[in-house]
Structures are given as structure tokens and as C-alpha cells.
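This one's a predicted model, so the numbers in the text were calculated from it and none came from an experiment. Both counts, for ligands and for their atoms, begin at 1 and track the order of listing.
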Amino acid sequence: MQHTDLLPRDAAVQLIDPDGRIVDDERYALPRSEALLAAYRGLVEGRRINDQASALVRQGRLAVYPSSHGQEACQIGAALALADDDWLFPTYRDSVAVIARGVAPAEAMVLLKGDWHSGYDVRAHRVAPQATPLATQLLHAVGFAYAAKRRGETTVVVALCGDGATSEGDFHEAMNFAAVFHVPVVFFVQNNEFAISVPLSRQTAAPSLAHKAIGYGMPGQRVDGNDVAAVLAVLGDAVDRARAGGGPTLVEAHTYRMQAHTNADDDTRYRERAEVQAWVARDPLARLRAHLTSVGALTEELETEYADGAEQTAAAMREALNTDADIDPEDLFRFVTGSRSPQREEQWRMLSGEIERARETAGGAR
Ligand SMILES: Cc1ncc(C[n+]2csc(CCOP(=O)(O)OP(=O)(O)O)c2C)c(N)n1
């Protein structure tokens, strides 16, 4: 491979433009209509899940939800690019990708309700726990994929992270190890332009995040992260390469976080409404809908069927999550360390005292 082959293109790969028109590309073919319909169904469901989870936060049923509203093409593309036996290593923002791999929404979200541990069976779904410490999952993903390779398995791993996470040391270590040891992993960076309030321009001086790949000796590619057809094509190519023994790839998807980082963030303090509004015209659902309708693949019946399916998913989420968590706060102290230090004992005394006082107040108020 020429070293210039490792460089990403100047413009992100795009196969369907924001108005739904096909863009010809000499390297990447447009996925077939059936694949695009499956992706569209995923986008509709993903959008509904995002919006339902945000509503559950406002109702006090979830403590927090990092929404991927606007980033659904990346979420669904990542899930669909994998074969059944492959593995996904997601972050806190990737609940829709986790669910698209077959995890029940309520299981993916119990953690956000204040429960502890990952709420789903990671082995059954081949989805690692959603990582909150930035970029740590990239190292887990590389180690996991390296082990699979050494065992002679054909497993490929897609590891997700955000633009902010690329500034972490763990990102560098994961990329370097993966390239040196030819590990079957695809790093998929969702560049949504912000790490909470920090814009991309304060994150890197590189021409793009995908350009970082050449420094490690692996190919980098840029893709329009709001075009699920392009995401599927580029990730599919990288997954095939990894499976065939070609080693890792870094894919940067350019997208946009349409909502605040979480409900704990006020994004009006660091970005203009006009900027957010400008991305509405690039919405991933609208462009695929326009394309599939124009080629006659998406009928009104199918639209209704997909919308109904998404509504049922949202109803199941409400039913499962509109309950009080049955949690013993002392579990936090029981299971974190083998024995309790004097400081832990002191913390537990403080917390149990607070709980007791709250109970008395609630009793008195009745
Ligand atoms: C190691 C570490 N440092 C800091 C944080 C606090 N933190 C949580 S999310 C976040 C921003 C991450 O931005 P990005 O990687 O772009 O992902 P996004 O949230 O935009 O999907 C930060 C700094 C953390 N979770 N882990």
C-alpha cells in the first residue's frame, strides 16, 4: 500500500445528498434498496428511542440521557455493518446502536435510571458495556479483537468514540497497538463537533481526525455521518478489510449533536441557534426518506408500519421504565471493594443518616 493510500479524501464520502439525490462514487457502491430500507426502519426507531428517553428524563424516570438525536445514521450504520458474531464497543451516547444490535431498550437504559452494572447480557448480544470514561473502550476493543485474532477467529470489532475522546492518551495507545499488531478493529469516530462545550477546533490542529490514521500506519477515511448509505458503505469496507486480515481502519463520520450534551448541559451558552438550525436540513432521516420515496422503495404502508413499530418500542420503554427502582443504597458500599475502609464506613454512616432523615421527613409530611 502506498503511504498516500492511508490518507482520507479531502471531502467526506457521500452517496446520498441532503436532498435525497444519489452521488456517484468510484470506490463505494450505493447499498441495495433492501439494505437501505432496513437502515431507514432503524433510523425511525432510533429517533423515537432518543426522543422517548429524553422525555423520560424530563419526567424524572431517567437521571440522564446522552441523546444521539441527529446522529442516528452513525448509530444504525455501526450496528448494521457488523456480522452477528462481531462485537460492538460503545460509549454512553451509543444506546441506539446498542439497541439496534438487539438489546432491549429498557435493558440498555436501567443504568441511566440509577441501577448499577450494565443492564444487558454483553455476551449474548456481543455488545460491550457502554463506557463513560472517555476512550477506555478503545483499548478494551483492541485487546478483545487481538485475542480473537490470536485464537484464529474471524471476529471484527467496531469501537465507537467521540471527537473529544481522540485527545485522550487511551485513543493513541489503542490506535498504535492496533496498527502495529494488525488487529481486526474499526475505530469509528462520531465527530459531532463538540465535546460538551469544547468545539473541534480546540481538540485538534490536524486537517481532520481521519488524518491521524496515517501517523499510526493505518488507513483513515471521512464519511458524511448523516448519510447512512455512505456510513454503511465505508464501515462495511473497513469491516471486510479487517476480516480479511487487512488490519485496522480509522473512520471519521462528520455529524452534529442536535441537542445538549445531556440534560445537565445548557448548549445555548456555547453555540448559536442558527448553527443548530442549519443542520436540520441535513437530517439523516429526511434525506433517506426522500431518496427511498423517489425510487419507489418506501411506500406509505411501509412508513406507517415503521412508525407503528417505533411507537410500540416507545410504549414498551415507558412501561418498563415508569417504575421506581428497587435499589438498596448500601449495595454501593457492599460490592465496590472487598472490605470497607474507615472512610467508606464514614461515608455510609453519612448516607444512611441522610436516608433516615428523609424517611422521617416524608413520614411527618404525610
Ligand atoms: C476520561 C474522562 N475525562 C472526562 C470525562 C468527562 N466527559 C464526559 S463526556 C465528555 C465530552 C466527550 O466528548 P466527545 O468525545 O466528543 O463525545 P460526545 O459526548 O460528543 O459524544 C467529557 C469531557 C469523562 N467521561 N472521561
Side-chain angles (χ1 to χ4, degrees), residues 12 46-47 49-50 53-54 57 62-79 88-100 108-109 111-112 116 118 127-142 158-175 186-206 208-213 220 222-223 225-226 231 235 250-271 275-276 279 282 284:
R47 175 65 51 87
I49 288 167
N50 272 326
S54 297
V57 170
L62 295 180
V64 67
Y65 181 67
S67 178
S68 63
H69 185 120
Q71 297 178 219
E72 290 93 347
C74 294
Q75 298 286 302
I76 299 302
L88 184 74
F89 278 68
T91 77
Y92 50 87
R93 197 173 299 288
D94 303 316
S95 301
V96 166
V98 169
I99 294 164
M109 291 191 192
L111 193 72
L112 307 172
W116 52 303
S118 172
V127 178
Q130 289 180 261
T132 296
L134 302 177
T136 51
Q137 75 284 0
L138 305 180
L139 285 169
H140 305 157
V142 170
V158 168
L160 304 173
C161 76
D163 42 291
T166 65
S167 298
E168 291 286 341
D170 282 1
F171 172 84
H172 160 74
E173 291 168 22
M175 298 276 288
V186 178
F187 299 101
F188 186 40
V189 182
Q190 288 168 82
N191 166 12
N192 64 8
E193 296 209 0
F194 287 93
I196 313 183
S197 56
V198 179
L200 185 71
S201 57
R202 303 304 297 267
Q203 212 67 251
T204 184
S208 80
L209 295 172
H211 277 82
K212 293 187 178 219
R222 304 163 83 175
V223 62
N226 285 15
V231 173
L235 281 184
L250 172 64
V251 178
E252 174 192 358
H254 188 204
T255 180
Y256 195 78
R257 197 191 74 221
M258 295 301 285
Q259 297 179 345
H261 174 74
T262 65
N263 45 306
D265 169 45
D266 174 6
D267 69 321
T268 61
R269 295 178 61 178
Y270 56 84
R271 58 184 191 180
E275 179 186 312
V276 180
W279 278 84
R282 301 165 75 170

When rounded to the nearest 0.5 angstrom, what is the spacing between CG in Leu209 and OG1 in Thr166?
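Answer for the CG-OG1 pair, Leu209 versus Thr166, is 4.5 Å.
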So, taking the atom named CG in Asp163 and the one named CD in Gln190, what distance separates them when rounded to the nearest 0.5 Å?
9.5 Å
Using heavy atoms and a threshold below 4.0 Å, how should the contact between Gln190 and ligand 1 be classified: side chain, backbone, both, or neither?
neither
Heavy-atom distances under 4.0 Å are what count here, so tell me which part of Tyr92 touches ligand 1: side chain, backbone, both or neither.
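Contact part for Tyr92 vs ligand 1: side chain (C-beta onward).
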Pairs of nitrogen or oxygen atoms closer than 3.5 Å, one from Phe194 and one from ligand 1: do any exist?
yes
Return yes or no for this condition: an N or O of Ile196 is under 3.5 Å from an N or O of ligand 1.
no
Carefully, step by step, assess His211 and Arg222 under the rule side chain to side chain donor-acceptor pair (under 3.5 Å).
CA-CA 9 Å; His211 277 82; Arg222 304 163 83 175; 4.9 Å; no
With atom 23 (C) of ligand 1 as the reference point, say which of Val189, Leu134, Thr255, Thr262 has the nearest heavy atom.
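Selected option, by shortest heavy-atom distance: Leu134.
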Between Arg257, Arg93, Gln203, which one has a non-hydrogen atom sitting closest to atom 21 (O) of ligand 1?
Arg93
Does some non-hydrogen atom of the protein lie less than 4.0 angstrom from atom 6 (C) of ligand 1?
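Given the 4.0 Å limit, the answer for atom 6 (C) of ligand 1 is no, no protein heavy atom qualifies.
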Atom indices of ligand 1, in the order listed, that fall short of 4.0 Å to a heavy atom of Pro133:
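Near Pro133, the atoms of ligand 1 are 26 (N).
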Counting each atom of ligand 1 from 1 as listed, which ones have a heavy atom of Asn192 under 4.0 Å away?
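In order of numbering, the contacting atoms are 18 (P), 20 (O), 21 (O).
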Give the residue, atom name and distance (to 0.1 Å) of the protein heavy atom nearest [atom].
| atom | answer |
| --- | --- |
| atom 25 (N) of ligand 1 | Thr132 O, 3.0 Å |
| atom 14 (P) of ligand 1 | Gly164 N, 3.4 Å |
| atom 15 (O) of ligand 1 | Ala165 N, 2.9 Å |
| atom 3 (N) of ligand 1 | Glu168 OE2, 3.9 Å |

For Asn192 and Thr255, run side chain to side chain donor-acceptor pair (under 3.5 Å): C-alpha distance rounded to whole Å, both residues' side-chain angles, the deciding distance at 0.1 Å, then the answer.
CA-CA 5 Å; Asn192 64 8; Thr255 180; over 6 Å; no
Qualifying salt bridge (Lys or Arg N to Asp or Glu O under 4.0 Å) pairs with a residue from residues 260-270, counting only residues at least two apart or across chains
Arg257-Asp265, Asp267-Arg271, Asp267-Arg273
For His261, state whether at least one heavy atom is located under 4.0 Å from any atom of ligand 1.
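Yes, His261 has heavy atoms under 4.0 Å from ligand 1.
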Could you go step by step and tell me if Ser95 and Gln130 meet the side chain to side chain donor-acceptor pair (under 3.5 Å) rule?
CA-CA 8 Å; Ser95 301; Gln130 289 180 261; 3.2 Å; yes
Name of the residue among Leu160, Leu250, Val158 meeting side chain to side chain contact (heavy atoms under 4.5 Å, CB included) with Val186
Val158
At their closest point, which heavy atom of Pro90 faces which heavy atom of Val98, and how far apart are they?
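Smallest interatomic distance, heavy atoms only, reads CG-CG2, 3.7 Å.
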Would the His254 and Trp279 ring centres measure less than 6.0 Å apart?
yes
